[in-house]
2 protein chains.
Amino acid sequence: MSIQARKERERAERERLIVSAARELAEAEGWDAVTTRRLAAEIEYSQPVLYSHFKGKTAIMAAVAVEGCAELAGELRRARTAAEGTRARLAAVGEAYTAFARRRPALYDAMFTHLVDLPWATPEAPAPLREAFGELLAAVEPTAAEGEDTGLLTETFWAGLHGLVTLMRSGRLPEAGHERRLALLIGHFTAGLPGS
Amino acid sequence: MSIQARKERERAERERLIVSAARELAEAEGWDAVTTRRLAAEIEYSQPVLYSHFKGKTAIMAAVAVEGCAELAGELRRARTAAEGTRARLAAVGEAYTAFARRRPALYDAMFTHLVDLPWATPEAPAPLREAFGELLAAVEPTAAEGEDTGLLTETFWAGLHGLVTLMRSGRLPEAGHERRLALLIGHFTAGLPGS
DNA sequence: GCAGTGTTGCTAGCACTGCTAGAATCCGGG
DNA sequence: CCCGGATTCTAGCAGTGCTAGCAACACTGC
């Protein structure tokens, strides 16, 4: 009984070790550097051990992505609750979102650009994913007009942020001007608001 | 003199063959299926021939991306010139952009998601890239307020479209609702326009 | 017409990838 | 103390992008 519990505990511990090692390696050298061999060496086990925990490399990335979503949700919440007023809250959340993406590019890639085989826009989506989206929703909701679908509106706003981030990170948009582009996006999503 | 001209012509012909084969293969089975071996077989030459034309696989993808940009520019222009009125033009261009992305996902990936090592936001960017952006600019410009930077505004609008497309294609946004999300984006970028 | 020459394209192979079958090893229970 | 079963490792597969060095070809000058 007790010894099996210990084994399960150790196993869970090692699983967390895999995920955090993958994340650290990715953040330090990019996802290309995260090979199964390299990752196995990092956790001081052999390759096949990885496959006893995860179905494959993409499953490991998915686990990292979920972890990242939890973190992002926290940062968005902090930004939102710290700001006063509808417009300022949306601006703060947008700022926090893009700052997160720029500070942790590899994490962001795992979450929102790489194919990771996670259920997204469904109730079965992992909690951290729904939480992160919920934070965006909470910031966007007050800006909605009468009868507007706040879910769709949030998705559209999210797309704007995501586009800014990815196009910039791939060199398609110059870093310079990011603040002003973000301000334009916020401005267009809060036009016609009494508080502006 | 003439024989060298013929050789160069044949060489250029083969280069075009490589690019179009890569493109067709990518559109049919995705970029993962475009391996150097497969591509070589497709053009009925051996692998090293590819490297006498392009620096590597990414360079081939870049060539495909440029071709795709030219095509996108054409479709955007058609959409823009066919529509009447500032708002309708922006809507038509947005519609054409997302339709292109959904119809030719592999092409779109090469152009705007994969790392392709092309100069983008500079004067040295290939003409088709600048043309495609110019089409967006032409549609966005009339919506700009007094003293607004139309370049930055276009970039922001582009980011919105790009975000919608990529999040949808990776399953992060449901296909259903695309039209309404696009309408919301257009709406927010044309608010406060006399013609609305 | 023909040998020499220089380019052109091919064969073979490197170092690496994700992933897995089967051998070896370790650990708890009798 | 030793056996049995779970656990982990070694070794290898099929595939990747890319390249060195050789063979064969086409063209030039005689």
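Lettering follows sequence order; numbering is per chain, from 1.
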Completion exercise
Whole-Å distance, I43(A) CD1 to dC9(D) P, equals 9 Å
Practice task
Using a 4.0 Å heavy-atom cut-off, write out nucleotides 19-26 of chain C from 5' to 3' as B (base contacted by protein), S (sugar-phosphate only) or - (no contact).
Solution key: BBB-----
Handout entry: OP1 or OP2 of dG9(C) under 4.0 Å from side-chain N/O of S46(B)
Key = no
Problem - Test item: side-chain donor near acceptor, S170(B) and R172(B), under 3.5 Å - result: yes
Problem - Parallel, tilted or perpendicular: ring planes of W120(A) versus F112(A), cut at 30 and 60 degrees - result: tilted
Practice task
Would you mind classifying the nucleic acid contact of R14(A) as base, sugar-phosphate or nothing, using non-hydrogen atoms under 4.0 angstrom?
Solution key: sugar-phosphate
Exercise for the section: Check whether the side chains of H162(B) and Y108(B) place a donor and an acceptor atom closer than 3.5 Å, and report yes or no. Expected result: yes
Exercise for the section: Send over the distance from D32(A) CG to dG18(C) P, rounded to a whole Å. Expected result: 10 Å
Problem - Atom pair distance, as rounded to whole Å: CH2 in W31(A) and C1' in dG18(C) - result: 15 Å
Handout entry: Residues T190(A) and R87(A): side-chain donor-acceptor under 3.5 angstrom
Key = yes
Problem - R103(A) with E27(A): basic N within carboxylate O range, under 4.0 Å - result: no
Practice task
Return the value, rounded to whole Å, for the distance between atom CD of E15(A) and atom P of dT7(D).
Solution key: 14 Å
Problem - Phosphate OP1/OP2 of dT16(D) contacted by R38(B) side-chain N/O (<4.0 Å) - result: no
Exercise for the section: Whole angstrom is fine here: how far is it from CZ in R11(A) over to P in dT7(D)? Expected result: 7 Å
Completion exercise
Tested for side chain to side chain contact (heavy atoms under 4.5 Å, CB included) against F189(B), the lone hit among L184(B), T156(B), V140(B) is T156(B)
Exercise for the section: Return the value, rounded to whole Å, for the distance between atom CG of L17(B) and atom P of dG9(C). Expected result: 13 Å
Practice task
Considering only NZ, NE, NH1 and NH2 on the basic side and carboxylate oxygens on the acidic side, decide whether E71(A) and R104(A) come within less than 4.0 Å.
Solution key: yes
Practice task
Let me know the distance between NE2 of H53(B) and P of dT19(D), rounded to the nearest Å.
Solution key: 15 Å
Problem - Whole-Å distance separating the CD atom of E10(B) from the C1' atom of dT8(C) - result: 12 Å
